[in-house]
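Below, read A as the first sequence line, B as the second, and so on, with proteins coming before strands; counting in each chain starts at 1.
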Amino acid sequence: MLAAFEIGKRSLLTQQRGLDVTGNNIANVNTPGYTRQEALLKSTDPFLNRGTLIGTGVMSDRIRAYREQFLDKEMRSTIARNSGFEADEKLIQRIETALKEPSDNGIDSAMDSFFKAVEELNSKPDDLARRMNFTAQAQNLAQTFNGVGEELSSLRAQTYQLVDANVQQMNRLLGDIAEMNKAIITVRSNNNDASATYLDKQSQMLEELSKFGDVQISRDENGVADVTMNGTMVVSNINASTISLAQDVNGTTGEVTAKLTIKDRQGNVLGNYTPQTGELASSLKHFNTTLDDRDSSGGFSIWKHIDTLADAFATKVNALAQTGYGLSDTGATPPGRTIFTVPASGTVTARSIAINPALISDPSLVPTSSAANEPGNNDVLRAIGQLVNDAAFVNGQTARSYYALGLTKVANLGADASNGKNVTKLTKDQILTQREAMTGVNIDEEAVNMIKFQRAFEAAARVISTSSEMLQTIVNLGK
Amino acid sequence: MRLTTTSMFSQYATNVNEISSRQARNQIRVFTGKNMVNLGDDPNAVTNIQTFSESISKSENYKRNIQEALDEQSASEGALQGISNSLDEIRQLGVESLQIANQDKLPVLGEKLRKFLTSLVDGANHQYNGVYVFSGTKTTAASLTPTGAETQKLPFEIVQETPTASNPSGLRVTFKGNNDERSVNTGAHATERVSSTAEDAFGTGGTEMFTNVIALYNKLMYKQDGTPRTDNGDFATKADRDNIAGLVKHVTDSYETLNAEIGKLGARTQRFDAMNSQIDEDILRMKEFRSREEDTDVAQAIMEMQKDDLAMSYALKVGSKIMSQSLLDFLR
């Protein structure tokens, strides 16, 4: 008779535990990274009574968390690729903003206005108003180049800051993962079920880490994760290495590139880190190539492209202008006046290109004529006007075709990033759905579980109360 | 497949976001009239649009050059026509002076011719839009420097020099400009001259026509020995008449040279007109091509917007119905 009390008590405790787990699942329905848990019930060992095995009730000795290692791995890899494409897309859009394309305020439009002013002046080279318009458009072109150059320079500086911020976040995460490993080891040694919660947090940290770069994870039987990057272990058990960012300056070209190294806790370099996917890979790639004005990697640099165009523009226009005479110039030799100033280095960049200030203050000095004292002579200016058709203006192309080529390359980078982002987002969503199907919480399901445990709890209580009544009846027999 | 609350909500949010994002893009397309919101929307179109824009803009520049050239041609043609008329009058005066009835009136005819000479020079100094059209590349007053007996900063000037046996009046028309052509760009690597040089219009050195007229003037006003004719029966001799006939022939030659230049101007004007029409057609065609790449198909964009509006309202309706209910709503 007294065994029934024990069975009822066990059942009450077990159903209560089941309800606790259900409640925890419901409470975490919206918690990112949470995997649903289940109280595993099993019958307690029976006892032998006069040759018959009698059941002794129920117990819950373990809480199971629904975890799928393969999907976790796929998710990390997809997150890395998706974050990389997202970062690419954001940066390319910022480059488009810097270039002011597509719009009527970019370099193409400024070049167009410059050549238009050249042709207008060609029709009447002695007209001061047209000369002023020419100098204004030349200045506008130079300032548009300057603006784009400054924007790209600033974007590069911001990209470096982003790399730095990414590295700091990665280092924080590496430290946190090592700490989490420590916590998992501790709770496991105490045989505590709370490790499921720590594993959830650890998985979330690993996914957060994957946003920045590709990482390889290996876990032991307790769930302790070792993290490897580029073949170098960065988290080993409870020890974390750090990633270090430094600028590498080429002594010959002056090219500045960013370099990542992995260091142990003592500061010893364990290896270089070159992420292939992820946000950090994207930022690093754009800092070292797309936005590198002195890029020597052979990749496409929009800043270098614009600088090359600015240099070709100044060089070609100046070469012709130096053979010309202004309205008031005399003598058998041209004054050698340029339209754009040339810095001491001899190389003009988008940031440094500027109109010859003498032309602004006195537009009559604009060299248009091939002979002195011939205001109607536009030989030099006509040649400048024909530069728009010069198929060898820069790198075997016309100025505007070369610029269009740069825009197309940016457009292709943008399209690749956008397509890549969409595809990886789709993959990510699919993996998330698959993983959710296995590990996620369903409120309806939990409500059913709640009723199940509630009813079982009520029944167990009834067992106890019925047993009590029976016991009472037996006690009363003796009265 | 097991569906969870999170996956249901996240799927729903993703879908609603996607519709919203499509709506936003279509709105931008309709508002701006441009199909491309970002360069990455269509990399191929970027190259095409840039190529068409470059061609359109170059053609527009050349068209403007041709239009300005046409205006100057028209002004030059008008000025040359005026000079031609005056020269024809001078030729008529020369022919009249050969008639027997006018043999004692040569100085009167000479005075009339002198006035025409002034109008010839005025015509040769014609300005269009502040430019001396027959002065070569020395188009402004500042570039014309008077020397010797010259006093004015004009391309052509009648100067009074010391009379000589060959030029008893001492009159001479000088030319301070040059005979360089002025040209403009009218196409890729193509230039067209827009000016008539003095030499083309007025003969050798740009002054031959004036020299011929002055020679005729001298013959009408002065006798063989260089003394001035008087109005009172100072009859022309046969030698005078032969000389005058020869000079009228020279003036006629100048007249023909001038008219030939007017003809050339007319031909050039026709060519410019043809080029203008061709460029107009090119611009129209290229704008059409660019429009296909660049501009929004408004009808299609609006239809897509309406489709998305419908999808959005159904998504919200269905969402509000499904998302708001769970088993918990039915438990008592």
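Heavy-atom neighbours of B:Gln67 CD from other residues, nucleotides or ligands within 6.0 Å: above the threshold of 12. Environment of NZ in A:Lys90: sparse, with no more than 12 heavy atoms of neighbouring residues, nucleotides or ligands closer than 6.0 Å. The number of heavy-atom neighbours closer than 6.0 Å to CE of A:Met132, taken from other residues, nucleotides and ligands shown, is 12 or below.
For a residue to count as touching a neighbouring chain, one of its non-hydrogen atoms must lie under 4.5 Å from one of that chain's; by this rule A:Thr398 touches chain B with the side chain only. For B:Ala142, the part lying under 4.5 angstrom from a heavy atom of chain A is the backbone only. In this structure, chain B has a heavy atom under 4.5 Å from the side chain of A:Gln93, while its backbone stays farther away. Contacts of A:Glu89 with chain B are absent, with no heavy-atom separation under 4.5 Å from either backbone or side chain. Only the side chain of B:Tyr62 has a heavy atom closer than 4.5 Å to any heavy atom of chain A. Only the backbone of A:Met438 comes within contact range of chain B, with at least one heavy atom under 4.5 Å from a heavy atom of that chain. The parts of B:Ser57 that come within reach of chain A are both its backbone and its side chain, each placing non-hydrogen atoms under 4.5 angstrom from that chain. In this structure, chain B has no heavy atom under 4.5 Å from any part of A:Lys409. For B:Ala190, the part lying under 4.5 angstrom from a heavy atom of chain A is the backbone only. Interface residue B:Asn129: backbone and side-chain heavy atoms are both found under 4.5 Å from chain A. Residue contact with chain A, scored on non-hydrogen atoms closer than 4.5 Å, involves the side chain of B:Lys58 exclusively. Contacts between A:Asp108 and chain B at a heavy-atom distance below 4.5 Å involve the side chain alone, from C-beta outward.
Looking only at heavy-atom pairs under 4.5 Å with chain A, the residue among B:Glu294, B:Glu181, B:Arg182, B:Glu54 that has the most is B:Glu54. With chain B as the partner, the residue from A:Asn389, A:Leu99, A:Ile451, A:Ile92 showing the most heavy-atom pairs under 4.5 Å is A:Asn389. Ranked by heavy-atom pairs under 4.5 Å with chain A, the first of B:Thr191, B:Val194, B:Asp41, B:Ile49 is B:Thr191. Options A:Asn419, A:Val441, A:Leu413 differ in how many heavy-atom pairs under 4.5 Å they form with chain B, and the most are formed by A:Val441. The choice from B:Ser7, B:Gly136, B:Ser143 that makes the most heavy-atom pairs within less than 4.5 Å of chain A is B:Ser143. Between chain B and the options A:Val388, A:Leu381, A:Asp429, A:Val118, the largest number of non-hydrogen pairs under 4.5 Å is found for A:Val388.
Side-chain N or O atoms of A:Lys124 include none that pairs as donor or acceptor with a backbone N or O of B:Gly130 at under 3.5 Å. Between the side chain of A:Asn378 and the backbone N or O of B:Ser183 there is at least one donor-acceptor pair closer than 3.5 Å.
Of the inter-residue distances, the one linking B:His189 atom NE2 with A:Asp390 atom CG reads 7.0 Å to the nearest 0.5 angstrom. Between the CG atom in B:Asp71 and the OG atom in A:Ser123 there is a gap of 10.0 Å [rounded to 0.5 Å]. We find the OG-CD distance between B:Ser135 and A:Glu374 to be 10.0 Å, quoted to the nearest 0.5 Å. Rounding to the nearest 0.5 Å gives a distance of 7.5 Å between CD of B:Gln50 and OG1 of A:Thr408. Note that the OG1 atom of B:Thr5 and the CD atom of A:Glu446 stand 8.5 Å from one another [nearest 0.5 Å]. Note: B:Asn61 CG to A:Glu120 CD = 7.5 Å, rounded to the nearest 0.5 Å.
The pair A:Arg130-B:Glu68 meets the salt-bridge criterion, with a side-chain N (NZ, NE, NH1 or NH2) lying under 4.0 Å from an Asp/Glu carboxylate O.
B:Arg2 and A:Glu436 make their closest contact through NH1-O, 3.5 Å (heavy atoms, listed as atom of the first residue, atom of the second, distance). A:Gln386 and B:Asn185 make their closest contact through NE2-OD1, 3.2 Å (heavy atoms, listed as atom of the first residue, atom of the second, distance). Residues B:Lys138 and A:Pro375 share a closest heavy-atom pair of CA-CD, 4.2 Å. A pairwise comparison of heavy atoms in B:Pro43 and A:Asn412 identifies CB-OD1, 3.1 Å as the closest pair.
The shortest side-chain heavy-atom distance between B:Arg64 and A:Lys116 falls under the 4.5 Å cut-off.
Across A:Leu407, A:Leu405, A:Val410, a single residue satisfies side-chain contact (heavy atoms from CB on, under 4.5 Å) together with B:Val46, and that is A:Leu407.
Defined by atom type and a distance below 3.5 Å, a donor-acceptor pair is missing between the side-chain atoms of B:Thr4 and A:Arg36. Side-chain contact, B:Thr140 with A:Asp126: no donor N or O sits under 3.5 Å from an acceptor N or O.
Proximity to chain A at a heavy-atom threshold of 4.5 Å picks out B:Met36, B:Val37, B:Asn38 from residues 15-38 of chain B, in numerical order.
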